[in-house]
Amino acid sequence: MRQEYKKIWKNYAVGMAWLLGLLWPMLGIHPDGTLTFHRTLTVWLYIFAGSLICVLFYITKKSRILSGVTDPLVNGAGKLSDISKALPTSVWMVLLFVFLLVYPLVNGRYAIDVAISVLLYVCLGMGLNIVVGLAGMLDLGYIAFYGVGAYTYALLNVAYGLSFWLCLPLAGCFACIAGCLVGYPTLNMRGDYLAIVTMGFGEITRIVLNNWMSLTNGPNGILGIKPISILIPTFHNTMSFETFWVKKLNVLYYFVLILAVISVIAVTRLRNSRIGRAWESIREDETAAELMGVNTFRYKLLAYAVGAVFAGLAGAFFAARMRFVSPESFTFIESCMVLCMVVLGGMGSIPGIVLGVIVLIALPEVFRQFALYRMLVFGAAMIIIMLFKPDGLIPAKRLKIQAQYEKKGETDTNVS
Amino acid sequence: MSAEPILELKDVHSGYGSIKALKGISLKAYPGEILAIIGANGAGKSTTLMTICGIVHPDQGEIFYKGKKINKIPAQKLPPMGLCQVPEGRRIFPRLTVEENLILGAFYRNDRAGIDKDMEHVYSLFPILKERSRQQGGTLSGGEQQMLALARALMTKPEVLLLDEPSLGLAPIIVQSIFDIIADINKNSDTTIILVEQNANLALQTAQRGYVLETGRITLEDDAESLLNNADIRKAYLGE
Ligand SMILES: Nc1ncnc2c1ncn2[C@@H]1O[C@H](COP(=O)(O)OP(=O)(O)O)[C@@H](O)[C@H]1O
Ligand SMILES: [Mg+2]
């Protein structure tokens, strides 16, 4: 026990020294060549004090000094989780559904705006999960398909006045075609090579959008995109239809919610299907999959195409919500963010990815109070999550396939 | 033994780009037999099997399966034709469950009832796999993984089964039980088996005929018993 504490304190000391070494160049070296220590030390002391409390807490918990206080708490928490287990999943689904439905009614503009972002990224995360999580192909240019979807709606709407609902399937189509175009030449690549090439494709897309002035208006972007429209029947004298523009965020929220729910359901179903199994076998061992009769070429292309469709659809919604698109929204860092959501949440795990999206969208918002250090704190939070949860927040559970095999098995053993 | 070979290689040259691993291989496998291919490390045994299965493409020569030329047929079309390989090092799908691994063996099939029946059949051959059916393949022991790889291949309903070093890295007692099962599969379902091994002694005891492969060429072909008694073979491969 004593040994163990020694180790904790030693690690803690090394960690704090390392932090000091990291902080000083950032805070203590100034552009005019002067070196200061004061600010570094204050920040460091704050962090030191904060983490010291955590470590002390950890040790007291371990040594059970405060067991009189903590045990009832732990028991209470245990009871809570018992209750949560007692309720069937369907009840939780209903509760979640109700929460999602009333969310825009009880929240302000800002909260709804963040929620719409979360829902769009859920859709992106689901699409990328097919490519990275299921088929195991590391795609660093995924945001390009989001861009294709967004520009499809922007261009067709501004130039031809086509309505959103006509452009939505077209956005999916064009993204799908783009997915095949990127996928086809990269099908024989694996791992790091694939990552580099897809990154290249992503950048090419962005640069084309940026430089094709005559079509995309370059870096200035496209303005004046119409929002989503719906036709509402009216009964003045005779029945007629009136166009209703979805400008209000809380109405748009429901449309994006439907998209996100559909994508979650679609990916869940795909994953449990024959196609999903083929994808997973390719991820595990491509040659073995081929030897078992999986057409790896076709299924990898399909993964790209289906993944891109989700991004394309989300892109169209993005354009309709912002009513403005520019290449700046589709940079490499966006691809990285979506990838982080998938990895942080738990590759291949659908609830994990949803949680990953929430964490990665919500954390930067929560950290706004740190102002300048926001992204630093954000990065630190990500590192901490990956340290403590290396498989992601909610790691993918292996599927439980057809309980029937097991049942049959039991009767068999009884006979023999 | 019938006169018509079920699988035949005629002067097959194959390799990896500029590396020529096979320099003219000709061999025949007859229906229902166990055929051993023995050879040292790097002789080209695995390349031979990968070339038959369409993973590596021959530069020259012809491969016939049931009288049909299969050089140009893509790998994934071979299991439906009854040709399947258990690759070297097992290569199961480590993060999929045992059951999912087996279902993937039946990937090209859609006869639900037949798949269920075969599933029961492989579980009766390897009861340990049934106990482990919900476990991830990668968490099995080496011997269990070899059983899973074998079972997965059986799910394709093979007529010709290619086995690449099934004894690799396994304890002798497990090797023996796996070879017993291989012999059973051959006997009970008339499956032709091509057995690639470095463990020449065991392979030749199980097989009826054998080929000896040396640096991409067949140097000897005979029935298994003669090979076992051949002085050169005993010296080179049986450590005498
Ligand atoms: N993927 C590969 N790329 C390049 N050369 C290979 C590859 N696999 C095998 N070789 C070479 O081909 C030859 C035959 O190898 P292999 O068929 O694996 O032999 P064996 O199975 O008899 O041990 C060896 O010289 C080996 O180095
Ligand atoms: Mg080999």
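Below, each value reflects all heavy atoms present in this structure, side chains not excepted, and no hydrogens, waters or symmetry copies.
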**Prompt:** Is there side-chain contact between A:Asn129 and A:Val267, with at least one heavy-atom pair below 4.5 Å?
**Reply:** yes
**Item:** Residue B:Arg152 versus chain A: region with a heavy atom under 4.5 Å
**Value:** both
**Prompt:** With a cut-off of 6.0 Å (strictly less than), are more than 12 heavy atoms of other residues, nucleotides or ligands near CZ of A:Arg298?
**Reply:** no
**Message:** Within the structure provided, determine whether B:Phe126 and B:Ile181 are in side-chain contact (heavy-atom separation under 4.5 Å).
**Reply:** yes
**Prompt:** Listed by residue number, which members of residues 65-88 of chain B have a heavy atom under 4.5 Å from any heavy atom of chain A?
**Reply:** B:Ala75, B:Gln76, B:Pro79, B:Cys84, B:Gln85, B:Pro87
**Request:** Determine whether more than 12 heavy atoms belonging to other residues, nucleotides or ligands lie under 6.0 Å from atom CG of A:Asn188.
**Result:** no
**Message:** Does atom CG (A:Leu96) have a neighbourhood of more than 12 heavy atoms from anything else shown, all under 6.0 Å?
**Reply:** yes
**Prompt:** Non-hydrogen atoms of chain A under 4.5 Å away: do they reach the side chain of B:Met50, the backbone, both or neither?
**Reply:** side chain
**Complete:** Residues pairing under ring-ring contact (aromatic ring centres under 6.0 Å, His included) where one sits in residues 78-111 of chain B, two or more places apart or in two chains, turn out to be A:Tyr299-B:Phe107
**Fill in**
One option among A:Ala289, A:Ala278, A:Ser281 has the most heavy-atom pairs under 4.5 Å with chain B, and it is A:Ser281
**Item:** B:Glu120 bridged to B:Lys117 by N-O distance under 4.0 Å
**Value:** no
